[in-house]
Amino acid sequence: MNTHQNKVVEFEDLGIKEYQSAWDYQESLMKDIIDTKIKNRDLPAEQHLITPNHLLLVEHPHVYTLGKSGHEENMLAGIDKLKEIDATFVKTNRGGDITYHGYGQIVGYPVLDLENFFTDIHLYMRNLEEVIIRTIGDFGLKGERSQGETGVWLDVGKPYARKICAMGVKASRWVTLHGFALNVNTDMRYFEYIIPCGIKDKQVTSLKRELERDLTPEEVNTVKSSIRKHFVDVFGAEITYKNSNERKIGILKHP
């Protein structure tokens with residue numbers, strides 16, 4: 001157990017980045033944290049090194065990703081169709097089934113040492129859902145959880161229930177990888193080529209579809225700010241900024 005809990009989370013907006021490149025970056029951050037935890041094993045408690053935490057936001061070019069427990073038959077498009085729609089297909093090591101990432105979608109990757117917060121993966125997933133529920137609430141939408149179906153939904157229990165945010169994570173030595181994908185100005189036609197998350201009888205949606213308009217670049221930045229704010233509140237964290245253009249926003253602390 002980490003005897004020096006560090007609740008500071010370094011925020012970084014990666015802009016537009018290929019999926020594999022972002023995955024490799026997450027893996028490198030995770031490795032650094034795990035290496036530090038291994039070093040701590042040989043040190044007395046009072047000399048333990050602090051482990052860092054990270055929150056990455058990114059937008060990916062069109063890509064379909066399949067979780068380690070997913071089923072390839074939920075990918076409905078073949079190689080020729082993928083080329084036609086300028087999309088790629090990647091098998092990944094996160095939990096969950098198949099999902100889509102693309103332009104207009106905000107993807108969040110928290111790379112956290114959960115020993116800095118709590119050692120409970122179930123609570124971690126519920127907290128991520130809560131961050132998104134509060135974020136879309138800022139735009140007048142009522143996000144909900146659906147029993148047995150990870151993510152954030154609208155109108156749960158109704159025939160027109162639909163998912164607005166998918167989630168899939170991996171953890172090793174209590175260090176997290178992967179995260180959530182919130183549909184903002186997403187081109188929803190790309191979901192027609194998969195059975196999202198392997199769930200056949202549910203639809204997907206976006207902020208754009210629900211608000212019946214494109215969100216402006218300023219509003220997209222507001223979505224990102226809301227994610228940061230609610231992440232701080234839900235996880236009891238403090239956020240610092242890696243990029244100089246983000247630092248002017250200031251440091252967010254849990255009250």
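Heads up: numbering here begins at 1 and tracks the sequence.
Considering Leu56, Leu177, Leu112, Val175 in turn, Leu56 is the only one that fulfils the side-chain contact (heavy atoms from CB on, under 4.5 Å) rule with Leu29.
Contact annotation: the side chain of Asn127 approaches that of Phe235 to within less than 4.5 Å [non-hydrogen atoms, C-beta and beyond]. Within the 4.5 Å cutoff, the side chain of Ile106 has heavy atoms near those of the Val223 side chain. In this structure, the side chains of Thr240 and Val9 stay at 4.5 Å or more apart for every pair of heavy atoms.
Of all heavy-atom pairs between Gly151 and Glu129, the closest is N-OE2, 3.0 Å.
The other residues sharing a hydrophobic cluster with Tyr103 are Ile16, where clustering joins ILVMFWY side chains under 4.5 Å apart.
With respect to Arg134 and Glu130, a salt bridge is recorded, a charged nitrogen being found less than 4.0 Å from a carboxylate O. For the pair Lys163 and Glu149, the salt-bridge criterion is not met [side-chain N within less than 4.0 Å of a carboxylate O].
Counting only distance, with no hydrogens or angles, the side chain of Asn40 and the backbone of Leu49 share a donor-acceptor pair below 3.5 Å. Distance alone, capped at 3.5 Å, is enough to place a donor-acceptor pair between the Asn53 side chain and the Asp113 backbone. A donor-acceptor pair is defined here as one N or O able to donate and one able to accept, closer than 3.5 Å; such a pair exists between the side chain of Arg94 and the backbone of Asp97.
Ring orientation note: the planes of His178 and Tyr19 are close to parallel, at an angle under 30° on the 30°/60° scale.
Taking the side-chain hydrogen bond (donor to acceptor under 3.5 Å, both in side chains) definition, one finds that Lys81 meets it with Glu84, sequence neighbours left out.
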